[in-house]
Each structure stands twice: as C-alpha cells, then as structure tokens.
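Here the structure is a predicted model, which is why all the values come from computation and not from measurement. Only this structure's heavy atoms are used, side chains among them; waters, hydrogens and symmetry mates stay out.
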Amino acid sequence: MRRERLYQQLKALGISPPYASQIAHGRRVPGLRLAIRIWHATGVKLGPVADLNRAQIARLEHLRLKRLSQRGAP
C-alpha cells in the first residue's frame, strides 16, 4: 500500500496527522490496540499484528476483552 494512501486512512481514523505520518512512513510502530484498530479499518497489518493471521488477531482481541472485563469485576 502506498504511504500516502495509508496516511490518509490513518488520519480518517482520527489519528493525529504527525503520528499518522510517522506510522505510514515506518518511523513509529502503533501499539497493539491501535494496530488492531488499523487492521480492522484498513486491512493493513502493522506493528505487533504484522506477522499474525486472522485467527491469532481474533484471539488477542478476545484475551484483551476478557482482561478488561476482569478489571471491572469486584
């Protein structure tokens, strides 16, 4: 994917222009949560999900949601 197109898609997701530019040009790596959000919106795998398949990403999402729900439990 061309960097400019990725940059525009990242901005459309609400990522600040400087951070979107850094991610699109490979100068910064998004965290797990943002990388999953980018993948869902664009189909582009970056950072911690770059080498994962669909099932592995789904498992990470499941574990993350499970962990978040446990934090709220008394």
Side-chain angles (χ1 to χ4, degrees):
M1 173 175 283
R2 291 184 44 222
R3 291 177 182 164
E4 182 61 29
R5 182 171 177 214
L6 178 59
Y7 169 70
Q8 294 300 330
Q9 289 177 318
L10 295 174
K11 284 193 336 178
L13 286 173
I15 299 170
S16 72
Y19 190 39
S21 176
Q22 292 169 351
I23 292 171
H25 290 90
R27 291 189 296 268
R28 298 270 312 258
V29 176
L32 178 61
R33 197 166 126 200
L34 181 56
I36 291 172
R37 190 169 141 225
I38 292 168
W39 176 69
H40 277 297
T42 67
V44 177
K45 295 179 187 175
L46 300 170
V49 299
D51 296 325
L52 302 180
N53 64 39
R54 182 176 297 234
Q56 291 169 321
I57 294 171
R59 182 67 179 149
L60 273 176
E61 288 180 287
H62 174 76
L63 291 172
R64 184 178 171 279
L65 290 173
K66 185 176 179 181
R67 189 182 87 221
L68 288 176
S69 67
Q70 289 175 347
R71 281 187 187 173

Side-chain donor-acceptor pairs under 3.5 Å in residues 49-58, sequence neighbours left out?
unit_1: Asn53; atom_1: OD1; unit_2: Ala55; atom_2: N; d: 3.0
unit_1: Asn53; atom_1: OD1; unit_2: Gln56; atom_2: N; d: 2.8
unit_1: Gln56; atom_1: OE1; unit_2: Asn53; atom_2: N; d: 2.8

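The minimum heavy-atom distance linking Ala24 with Leu6 is given by the pair CA-CD2, 3.9 Å. The nearest pair of heavy atoms linking Leu46 to Ala35 is O-CB, 3.5 Å.
Considering only heavy atoms from C-beta on, Pro48 comes within 4.5 Å of Val29 through its side chain.
Residues that satisfy the side chain to side chain contact (heavy atoms under 4.5 Å, CB included) test with Arg37, not counting sequence neighbours, are Leu13, Leu34. With sequence neighbours left out, Pro17 forms a side chain to side chain contact (heavy atoms under 4.5 Å, CB included) with Tyr7, Lys11.
Tracing side-chain contacts under 4.5 Å through hydrophobic residues (I, L, V, M, F, W, Y), one reaches Val44 starting from Tyr19; they form part of the same cluster.
To the nearest 0.5 angstrom, Leu60 atom CG is 5.5 Å from Leu32 atom CG. Taken to the nearest 0.5 Å, the CD atom of Glu4 stands 11.0 Å off from the CD atom of Gln9.
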